[in-house]
Amino acid sequence: MSYNPAKIEKKWQKAWEKTGIYLAPDKVKGKKNFYHLVMLPYTSGDLHIGHWYNFAPADVYARFKRMQGFNVMSPIGFDAFGLPAENAAIKNRIHPKTWTYKNIKKMKKQLRLIGAVYDWSREIITSEPNYYKWTQWMFLQLYKKGLAYRAKVPANWCPSCKTVLANEQVVEGKCERCESEVFQKEIEQWLFKITESAEDLLENLEELDWPENTKTMQRNWIGKSLGWEVKFKAKGLNFSSEIPVFTTRTDTLFGATYLVLAPEHKFIADNLSFITNQRTLKKYIEESKKKTERERISEVKEKTGIEVRGIKAINPVNNREIPIFVADYVLMNYGTGAIMSVPAHDQRDYDFAKKYNLPIIKVVKPKNGSGVSDKAYEGEGVLMNSGRFIGMKSSEAKERIGEWLSQKGLDKKKVYYKLRDWTISRQRYWGAPIPMVFCQKCGWQPVKERDLPVLLPKIKDFRPTTDGKSPLAKSKKFLETFCPKCNGPAKRETDTMDTFVCSSWYYLRYTDSSNEKIFASKQKIKTWLPVNMYIGGSEHIVLHLLYSRFFTRALKDFGYLSFKEPFLTLRHQGIILGSDGQKMSKSKGNIIDPDIQVRKYGSDVIRMYLCFMGPYNQGGPWNIKGIGGVVRFLKRVSGQKSKIRSDESASSNSKENPAFKKLIHQTIKKVKEDIEGFRFNTAISSLMILINAIDKEKEISVINYKILLRLLSPFAPHLTEQLWQEIKPDKLKLKEFKPKDSIHNQPWPEYNPKLITKKQIYLIIQINGRVRDKIEVKVPLNRKIAEELAFSSQKVGKWIKGKKVKRVIFVPGKLINIVI
RNA sequence: GCCCGGGUGGUGGAAUUGGUAUACACGAGGGACUUAAAAUCCCUUGGGUGAAAACCCUUGCGAGUUCGACUCUCGCCCCGGGCACCA
């Protein structure tokens, strides 16, 4: 009954590696390929128990698929470039590369402890030249097709990290990393035109087997809005122009009592000479530029603005003159940067109108005609004060008013998305250099493909500069080059790429990770992709998944891929919190080191405990309290060996207790279905039920014992391998161990559906929906017999005595309910 | 503010289509073995009344639909995550 995980786990990890049993060949006769992928881990250094939670249950699934007869590829690698590496390196005064590779070494050691089916031969590291060569190549393809472009864009500028941040890296107006306040700054940057795919990225979500809320979040992020772009004439002394505004509420046009422009709106600068209050206006615009994101957000309730004097707008539906304002609650980078304001039916407009004493005209009557309030009514209803549209429903009026103006050439249907183009420039050292060269004569030129990779030079001073340029600009050797077009002197782009670029295509590289000619051969892509099962944290719902989908689409359009969705099925794991219920972090000192846990309990126990804790996508606080149950369970499993019936003839199996046999088959079914549904916790509990039953048996046949081991093997691969080898007649010689002998190359047990159909059940007898009796009966059972049985029950008699039976409900195979 | 999740014993959690609420495990209590402890095994374990049989209450709170609700609907409270002036 001894169970010594330290000994057997190391032994089997070595044996598996030596025999390469988890290497996935591109083709295996008679087997279908299955690409099982966990999200590329970032090289942050120590793995904590949260990483295990990502990898260990995911490995259960991979092992299960293997046993089901698939040729499973489960690759692993490292997302090695990135800002955190630099920050940590600066802090510890070592080079980011040294820091990163030290971490990789440690993580590899830790990952091996899991005992997963990783195919290490396919390993990738995104900071290796043979990888980022292809990241750069991807950039060039996007550039060639006009999907990568350079533009001056207002960027989120972190004054402390001295770099531009993606919108997503700004949390509540603060830098995600260092929590400094983020400013808006206009900088020339490289962008990817992800907005061009917005519609397609949205539409295709339907078809994916992804968690529904993940899809919803992507949908919201893309943020499609259907509406109309309406032209408002602008008039002043000797002046006439037009201001287009975007609205989804054409039904409220009659209530538009002023226009509001974003401070950055070109209209102001273009027509400054016609404006009579130039100075105050300019001052306001300057001030709003200086505001940080955070300040703007904190003023959500307190709106500020200033009127543009000397120019009025004309409301196209009634030709009324209305004032124009500039206010920073209107954003330049959405819609047209100008809005029509309908204070009666938009809360923001209402707040603004109240503050500046502007007219509020109600044009939509609420359906249930609720009374007057000091709030805007934003719902739909019936139109009022709207000329010939009075009495029309909002939904209809939206179209009618839109069409009416359209006939007069005053508006057009328009779709806007919240999604913005992806700024990929980073003014940082530790990333893949952007393969572009600037020549005074020829302008920006792409590096020739044959000259890739543009190597990241090893420089000593990699710290960010205060002028906002990449540290690479300090390296003359790197900076000065020749123009790929005219061969004259030229300068390299010194910005590096956002790490999300690196991780947007890595799943392709695993199929062919050492290919020097192409990122992956067509043949290999065809055999493996798209990914069959993708597992990772929900923190990547918006960015990584969207970017990967964008890349896949682009590569398909360029003719390299034949599919546009990279991940057909997606599952998330939850987050493991510290025992204090807080997110694990070094500063809180609540990090659980898996190495210590493994040393104490063994990998199998930790794997199983993580699976058993609760639903996989839920996560929760790490709490060691219940781990003893798993330890006891595995001990009991190894203890069952002594019960194996020596006589192994066919008749021996038939000696088995039929109820027990039935349980075995039920368990096979349950474990299979639970693993398929990522319900690892209930799969384990059904195995525990089986063990409890085996305990009550005096003997167990080899056949059933083998079934037990195979059902358990995805969860506890080491122990089950050991026990599997021990039941062999000849004593195991490790040197002679061959992959085909391994339990992990055995087929998943099949259950016999006939054995698990229920012949007898407890018929539940309810009175008014409350259980009053249970009778063991044979099934199938018809209504008449059920009623007879129910009414002859003594307990029932007691309840219905002297009462009138109103109704009897019979649910075949389940219950009978007597209503009195 | 908006959009997603979630709230079940002392604890982690189960209940697959509206049909036996609390599976499985932890912890706790009692017992066996032992000089003793650990380990192991057995019994009890949602709350209440009761000697027992039995009955009543119980899935965040309040209502509703239903023969029957953890499950569906409405309102409210709390917790977690995401978004945040997107016209």
Side-chain angles (χ1 to χ4, degrees), chain A residues 1 168 171-173 211-217 219-221 223-225 227 245-249 252 260 262 293 296-297 299-301 303 327-331 333-342 345-349 351-352 416-420 538-539 541-542 574-575 577 581 609 612-615 617-630 632-633 635-636 639 670 673-674 677 679 681-689 691-692 695 761-774 795 798 806-811 813-820:
Chain A
M1 260 228 192
E168 307 78 84
V171 180
E172 286 180 8
E212 212 39 61
N213 56 343
T214 300
K215 291 199 217 175
T216 307
M217 277 173 84
R219 245 173 241 135
N220 293 344
W221 189 263
K224 185 179 182 174
S225 232
V245 306
F246 177 65
T247 180
T248 54
R249 291 296 302 270
T252 64
V260 190
E293 254 324 87
R296 281 178 75 155
I297 290 165
E299 282 168 16
V300 165
K301 275 172 194 147
K303 296 192 191 333
D328 62 9
Y329 81 91
V330 174
L331 308 172
N333 52 9
Y334 183 78
T336 62
I339 61 156
M340 65 174 206
S341 207
V342 185
H345 303 292
D346 183 288
Q347 194 55 44
R348 293 159 306 179
D349 297 344
D351 296 342
F352 193 82
Y416 274 100
Y417 300 90
K418 285 186 200 171
L419 187 71
R420 318 262 166 86
S538 47
E539 66 271 25
I541 281 175
V542 177
I575 299 166
L577 305 169
Y609 186 56
F612 187 56
M613 267 175 61
N617 59 10
Q618 188 181 294
W622 171 259
N623 185 341
I624 202 75
K625 256 168 51 187
I627 205 163
V630 173
R632 245 163 269 168
F633 169 75
K635 277 187 187 175
R636 284 165 75 194
K670 172 91 173 134
E673 289 171 356
D674 281 353
R679 292 181 296 266
N681 54 334
T682 48
I684 291 176
S685 76
S686 66
L687 287 167
M688 286 173 166
I689 291 169
I691 271 289
N692 289 343
D695 262 355
I761 58 149
Y762 277 100
L763 179 73
I764 303 304
I765 301 171
Q766 295 183 332
I767 289 163
N768 289 345
R770 311 194 58 159
V771 181
R772 295 300 179 193
D773 203 0
K774 300 171 189 181
K795 286 179 185 167
K798 201 175 76 184
K806 286 184 193 154
R807 251 175 102 180
V808 178
I809 286 122
F810 176 61
V811 183
K814 286 235 163 82
L815 58 80
I816 185 159
N817 186 15
I818 299 163
V819 186
I820 52 173

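Labels below follow one simple rule: chain letters A, B, ... track the order of the sequence lines, proteins then strands, and each chain is numbered from 1. Computed over heavy atoms, backbone and side chain alike; hydrogens, waters and symmetry mates excluded.
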For atom NZ of Lys418(A) and atom C1' of rG82(B), their distance in whole Å: 12 Å
Using Watson-Crick geometry (N1-N3 plus N6-O4 or O6-N4) or G-U wobble (N1-O2, O6-N3), each under 3.5 Å, rG80(B) is paired with rC4(B)
Quick one: Asn623(A) CG to rG12(B) P, roughly how many Å, whole number? 8 Å
Identify the nucleotide, in any strand shown, that forms a Watson-Crick or G-U wobble pair with rG9(B), with both distances under 3.5 Å; if there is none, say none. none
Where Met340(A) and Arg249(A) come nearest, the two heavy atoms and their spacing: CE-O, 3.6 Å
Quick one: look up who rU40(B) pairs with, Watson-Crick or G-U, both distances under 3.5 Å, and put none if it's unpaired. rA32(B)
Without decimals, in angstroms, what is the distance between Asp328(A) CG and rA87(B) C1'? 15 Å
Hey, what do you get for CD (Gln766(A)) to NZ (Lys774(A)), rounding to the nearest 0.5 Å? 11.0 Å
According to the Watson-Crick and G-U wobble definitions, with both distances under 3.5 Å, which nucleotide is paired to rA69(B)? none
Would you say Asn817(A) and Arg807(A) are linked by a side-chain donor-acceptor pair, where the criterion is simply a distance under 3.5 Å? no
Contact class for Lys224(A) (heavy atom, under 4.0 Å): base, sugar-phosphate, or nothing? nothing
For the pair made of OH in Tyr609(A) and P in rU11(B), what is the distance, rounded to whole Å? 15 Å
Could you tell me if the side chain of Lys670(A) sits less than 4.5 Å from the side chain of Thr682(A), heavy atoms only? yes
Applying the Watson-Crick and G-U wobble criteria at under 3.5 Å, what pairs with rG50(B)? Answer none if nothing qualifies. none
Nearest 0.5 Å, please: how far is CZ in Arg632(A) from CE in Met688(A)? 10.0 Å
For rG27(B), the Watson-Crick or wobble partner whose two distances fall under 3.5 Å: rU45(B)
Of rC56(B), rA54(B), rG19(B), the nucleotide closest to the side chain of Asn817(A) is rG19(B)
Check: protein-nucleotides 2-9 of chain B nitrogen or oxygen pairs below 3.5 Å:
residue: rC4(B); atom: O2'; partner: Asn213(A); partner atom: ND2; Å: 3.4

Just to be sure I understand the rule, does Pro615(A) reach a base, reach only the sugar-phosphate, or reach nothing, if contact means heavy atoms closer than 4.0 Å? sugar-phosphate
Anything under 30° is parallel, anything over 60° is perpendicular, the rest tilted; go ahead and classify Tyr329(A) against Phe352(A). tilted
Roughly, in whole Å, what's the span from CG in Asp351(A) to P in rA87(B)? 17 Å
Counting just side-chain N and O atoms, does Tyr416(A) come under 4.0 Å of either OP1 or OP2 of rA87(B)? no
When we call it a touch if two heavy atoms are under 4.0 Å apart, what does Arg772(A) touch: a base, just sugar-phosphate, or nothing? sugar-phosphate
Let me confirm one number: the CZ-CD distance from Arg679(A) to Glu673(A), rounded to the nearest 0.5 Å. 7.5 Å
Grab the CE-P distance between Met613(A) and rU11(B) for me, whole Å please. 16 Å
Between protein and nucleotides 42-53 of chain B, map the contacts as a letter string: B base, S sugar-phosphate only, - none, heavy atoms under 4.0 Å, written 5' to 3'. ------------
Heavy-atom closest pair (Phe612(A) atom, Val630(A) atom, distance to 0.1 Å) is CD2-CG2, 4.3 Å
On RNA chain B, nearest-nucleotide positions of Ile809(A) versus Thr247(A): which is more 5'? Ile809(A)
Is there a side-chain contact between Gln618(A) and the phosphate of rG12(B), meaning an N or O under 4.0 Å from OP1 or OP2? no
What's the spacing between Asp695(A) CG and Ile691(A) CD1 if we round to 0.5 Å? 6.5 Å
Contacts of Asn768(A) and Ser538(A) projected onto RNA chain B by closest heavy atom; the upstream (5') one is Asn768(A)
For nucleotides rC74(B) and rG27(B), find the distance between their P atoms and express it as a whole number of Å. 42 Å
Starting the side chain at C-beta, find the nucleotide from rC67(B), rA87(B), rC55(B) nearest to Lys798(A). rC55(B)
How many Å lie between CG on Asn617(A) and C1' on rG80(B), as a whole number? 13 Å
Does Arg770(A) make a side-chain N or O approach to OP1 or OP2 of rC57(B) shorter than 4.0 Å? yes
Minimal non-hydrogen separation, Lys795(A) against Arg772(A), with atom names: CD-O, 3.5 Å
Looking only at atom C1', what distance separates rA21(B) and rU8(B), rounded to whole Å? 8 Å
For rC61(B), which nucleotide is its Watson-Crick or G-U wobble mate, given both distances must be under 3.5 Å? rG75(B)
Please confirm whether any donor atom in the side chain of Lys303(A) sits under 3.5 Å from an acceptor in the base of rC85(B), or the reverse. yes
Nearest-Å distance once atom C1' is located in both rA38(B) and rC56(B): 44 Å
Interatomic distance at P, rU40(B) relative to rC77(B), whole Å: 49 Å
Hey, what do you get for CG (Asn692(A)) to CZ (Arg636(A)), rounding to the nearest 0.5 Å? 4.5 Å
Identify the pairs formed between an N or O of the protein and an N or O of nucleotides 20-30 of chain B at a distance under 3.5 Å, and give each distance.
residue: rU20(B); atom: O2; partner: Lys774(A); partner atom: NZ; Å: 2.8
residue: rA25(B); atom: OP1; partner: Asn692(A); partner atom: ND2; Å: 3.1
residue: rC26(B); atom: OP1; partner: Arg632(A); partner atom: NH1; Å: 2.8
residue: rC26(B); atom: O2'; partner: Lys625(A); partner atom: O; Å: 3.1

As a test of the definition: with a 90° window around 0 for syn, would you call rG9(B) syn or anti? syn
Would you measure the distance from the C1' atom in rC55(B) across to the matching atom in rG50(B) and give it in whole Å? 9 Å
Would you call the rings of Trp622(A) and Tyr609(A) parallel, tilted or perpendicular, where under 30° means parallel and over 60° means perpendicular? perpendicular
Spacing of the C1' atoms in rG82(B) and rU73(B) (rounded, Å): 27 Å
Rounded interatomic separation in angstrom, taking CD1 from Ile575(A) and C1' from rG82(B): 11 Å
Show the nearest heavy-atom pair for residues Val260(A) and Ala327(A), with the distance to one decimal. CG1-CB, 3.5 Å
Minimal heavy-atom distance between Thr248(A) and Ser225(A), with the atoms involved, is CG2-OG, 3.8 Å
Spacing of NZ belonging to Lys798(A) relative to CG belonging to Asp773(A), to within rounding of 0.5 Å: 10.0 Å
Determine the Euclidean distance between corresponding C1' atoms of rC4(B) and rU58(B); express it in Å to zero decimal places. 30 Å
rG62(B) to rG18(B) separation - P atoms, rounded to the nearest Å: 25 Å
